[in-house]
Visitor: 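Before I ask anything, here is the structure I am working with.
Note that the structure is predicted; figures quoted are calculated from it, not measured.
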Amino acid sequence: MAYLLYLAWEIWQSDEKTQSDIATTASSLLFLARAWFYGGMGPAVFIARLHEAISVTHFEVGILKAPFMALVIGIVACSEGLRVKGSAESLGKQTTTSVVKSIFLVTVLDGMFAVFFASIK
């Protein structure tokens with residue numbers, strides 16, 4: 001618990017880039033702390049169950065899907081960015097449109113990947 005407080009202090013005192021690095025470490029430790037305090041599960045049990053639940057296949061699927069998701073997001077962002085007119089209002093509208101379209105298309109693409117991976121099992 002003291003270490004989590006120390007990390008919170010470091011995040012508050014550090015610059016923006018260091019904050020993201022520390023926050024990533026803190027969030028990982030926070031999962032462990034929640035399991036320990038709320039679930040009565042010690043660190044060794046938590047790590048063992050984590051290894052049982054997640055395999056290398058999860059990593060491989062994520063690495064395979066990531067470039068496709070990035071491509072979809074990039075294409076949508078570029079196409080909507082080219083539609084921006086000369087005002088800040090136009091920029092806001094196109095940014096919102098880009099985000100909504102990207103979320104929708106990534107969800108659809110993820111569903112297609114799920115069907116594909118279910119069919120090859």
Visitor: Under a 3.5 Å distance rule, please check whether Ser90 uses its side chain to pair with a backbone N or O of Gly86 as donor and acceptor.
Guide: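 Such a contact is absent between Ser90 side chain and Gly86 backbone.
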
Visitor: Please say yes or no: joined through hydrophobic side-chain contacts below 4.5 Å, possibly via intermediate residues, are Val108 and Val100 part of one cluster?
Guide: no

Visitor: Say you draw a straight line from OG of Ser87 to NZ of Lys93; how long is it, rounded to the nearest 0.5 Å?
Guide: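 Going from OG on Ser87 over to NZ on Lys93, the span is 8.0 Å.
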
Visitor: Met69 vs Asp110, test: side-chain contact (heavy atoms from CB on, under 4.5 Å). Steps then yes/no.
Guide: CA-CA 8 Å; Met69 304 295 183; Asp110 190 42; 3.8 Å; yes

Visitor: Examine Leu82 and Val84 and state if one hydrophobic cluster contains both, with Ile, Leu, Val, Met, Phe, Trp and Tyr joined whenever side-chain heavy atoms are less than 4.5 Å apart.
Guide: no

Visitor: Of all the heavy-atom pairs spanning Ser98 and Ala77, show the shortest one and how long it is.
Guide: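 Ser98 and Ala77 have their closest heavy atoms at OG-CA, 3.5 Å.
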
Visitor: Membership question, hydrophobic clusters at under 4.5 Å side-chain separation (ILVMFWY): are Leu71 and Ile73 in the same one?
Guide: no

Visitor: State, to 0.1 Å, how close Thr95 and Leu91 come at their nearest heavy-atom pair, and which atoms those are.
Guide: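 Closest approach of Thr95 to Leu91: OG1-O, 2.7 Å.
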
Visitor: Applying the side chain to side chain contact (heavy atoms under 4.5 Å, CB included) criterion to Ser102, which one of Ile75, Val76, Val72 satisfies it?
Guide: Val76

Visitor: Could you see if Leu64 belongs to whatever hydrophobic cluster contains Val61? Use Ile, Leu, Val, Met, Phe, Trp, Tyr and a side-chain cutoff under 4.5 Å.
Guide: yes

Visitor: What about Phe68 and Ile120, same hydrophobic cluster or not, with Ile/Leu/Val/Met/Phe/Trp/Tyr joined at side-chain heavy-atom distances under 4.5 Å?
Guide: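 Same cluster: Phe68 reaches Ile120 through Ile, Leu, Val, Met, Phe, Trp or Tyr contacts under 4.5 Å.
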
Visitor: A side-chain contact here means heavy atoms from C-beta on lying under 4.5 Å apart; do Phe117 and Lys65 qualify?
Guide: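 Yes - at least one pair of side-chain heavy atoms lies under 4.5 Å apart.
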
